[in-house]
S.K.: 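Before I ask anything, here is the structure I am working with.
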Amino acid sequence: MRQHPPLTPIISALPSTVPFVGPEAQERDRGRAFRARIGANESSFGPSPRVIARMAGIARDMWMYCDPDNHDLKVTVAAHLGVGVENVVVGEGIDGLLSLVARMYVAPGDAVVTSLGAYPTFNFHIAGVGGRLVAVPYENDRESLGGLLAAVATDKAPLVYLSNPDNPMGSWWEAAELIRFIEALPETTMLVLDEAYSELGPTSALPPIDISRPNVIRMRTFSKAYGLAGIRCGYAVADAQVIRDFEKIRNHYGVSRMAQIAGVEALADQDYLKSVVARVASGRRRIAGIAEANGLKPLPSATNFVTLDCGDGAFALKVLQALLSRDVFIRKPMVPGLDRCIRVSVGLDHELDIFAEELPGALAAARGS
Ligand SMILES: Cc1ncc(COP(=O)(O)O)c(C=O)c1O
């Protein structure tokens with residue numbers, strides 16, 4: 001047998017697993033397509049018709065590399081948020097930006113604080129740089145701001161992650177509480193405030209953007225409300241020096257020409273965004289109604305999904321499996337405490353019809369009747 005060249009110690013200790021098994025992989029395994037794709041918090045409503053037309057119109061230009069400065073998109077984001085262009089960095093979705101933050105702030109062995117059961121891709125990137133994750137349990141289905149602060153202090157963490165609104169519970173903190181949290185953080189700790197769902201919740205959950213704080217990075221994406229998950233484009237807003245630090249390591253040709261132009265067009269069509277936000281709110285009400293009609297408790301949500309309390313973890317897992325076997329793709333949190341829930345993304349009407357049709361049978365199967 002030939003030898004493999006040695007990996008670095010950090011990488012060789014990691015498992016070859018991904019944080020998510022995608023619906024495509026599940027379909028390949030099952031040999032059958034899902035009928036309702038309501039598990040990955042995508043936007044089934046898709047991008048704005050203006051964005052679709054623009055993307056179709058520029059297909060022929062894809063022989064050209066992208067602008068490695070992401071100039072037009074940065075200018076558009078900066079104007080949209082009322083910050084300077086020097087306060088914006090663009091990346092391959094929030095996921096891509098999280099990988100950069102891990103490399104920027106975490107040395108091997110450093111403690112990194114997050115919530116137990118929070119967005120797993122963050123943990124994946126921290127593991128990749130040899131960080132030591134400290135996971136604080138949720139309290140009442142919300143990330144525990146007090147618990148996160150205490151862990152940051154105890155472990156002298158250079159980095160803390162908070163998603164607001166939160167995935168997988170859909171819960172959120174109001175701006176005033178977040179501001180108190182930010183003010184209480186040590187200046188030596190960087191906060192990643194993941195606002196992937198920011199457009200879909202109450203505006204009262206969004207603190208004003210304050211780029212004068214060098215220890216806060218706000219991240220947003222075109223994947224959720226803007227309906228462009230497949231294009232992989234997101235951005236971070238921060239103090240100008242922090243943005244220059246991203247420049248040291250980012251993948252300069254990572255955000256495609258198609259993604260940059262789609263992002264500019266998407267931000268320009270705020271009427272479409274408003275219509276999606278309204279459709280998502282009505283989809284959340286519909287999911288909650290279907291859940292209640294079947295004896296499940298919907299949790300309040302500021303996102304494009306609703307988390308449904310099924311009572312206990314073993315039962316919720318059976319409900320998930322029964323829905324998957326009925327060709328309904330959903331997901332569920334797996335950590336103790338949160339695992340009593342399943343998570344259903346807002347989909348198109350016909351997808352929620354399928355969910356409504358299949359849920360009673362899935363619950364009966366889970367109960368073993
Ligand atoms: C909290 C959170 N952050 C980030 C992402 C991914 O964002 P992007 O598609 O921009 O990488 C998701 C997607 O589910 C999410 O739930």
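Read the numbers this way: they start at 1 and go in the same order the structure lists the ligands and their atoms. Owing to the predicted nature of the structure, the values given are computational and were not obtained by experimental measurement.
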S.K.: Just list the side-chain donor-acceptor pairs under 3.5 Å for residues 72-89, sequence neighbours left out, or say none.
M.R.:
residue	atom	partner	partner atom	Å
Thr76	OG1	Asp72	O	2.7
Asn87	OD1	Gly84	N	3.1
Asn87	ND2	Ala238	O	2.9

S.K.: Considering only distance and modelled atom types, tabulate donor-acceptor pairs under 3.5 Å from the side chains of residues 50-64, sequence neighbours left out.
M.R.:
residue	atom	partner	partner atom	Å
Arg50	NE	Glu265	OE2	3.1
Arg50	NH2	Glu265	OE2	3.2
Arg54	NE	Glu265	OE1	3.4

S.K.: Got a salt bridge between Asp327 and Arg30, using NZ or NE/NH1/NH2 to carboxylate O under 4.0 Å?
M.R.: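 Salt bridge between Asp327 and Arg30, a charged N being under 4.0 Å from a carboxylate O: yes.
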S.K.: Charged N to carboxylate O under 4.0 angstrom, Glu139 versus Arg142?
M.R.: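 Salt bridge between Glu139 and Arg142, a charged N being under 4.0 Å from a carboxylate O: no.
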S.K.: Indicate yes or no: does Asp155 engage Arg132 in a salt bridge with an N to O separation below 4.0 Å.
M.R.: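 Yes, this pair counts.
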S.K.: Under the side chain to side chain contact (heavy atoms under 4.5 Å, CB included) test, which residues partner Arg28, sequence neighbours left out?
M.R.: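 Per chain and number, Arg28 pairs via side chain to side chain contact (heavy atoms under 4.5 Å, CB included) with Glu24, Ala25.
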S.K.: Select all protein residues for which some heavy-atom-to-ligand 1 distance is less than 4.0 Å, and list them by chain and number.
M.R.: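 These residues qualify: Gly93, Ile94, Asp95, Tyr119, Tyr161, Ser163, Asn167, Asp194, Ala196, Tyr197, Thr221, Ser223, Lys224, Arg232.
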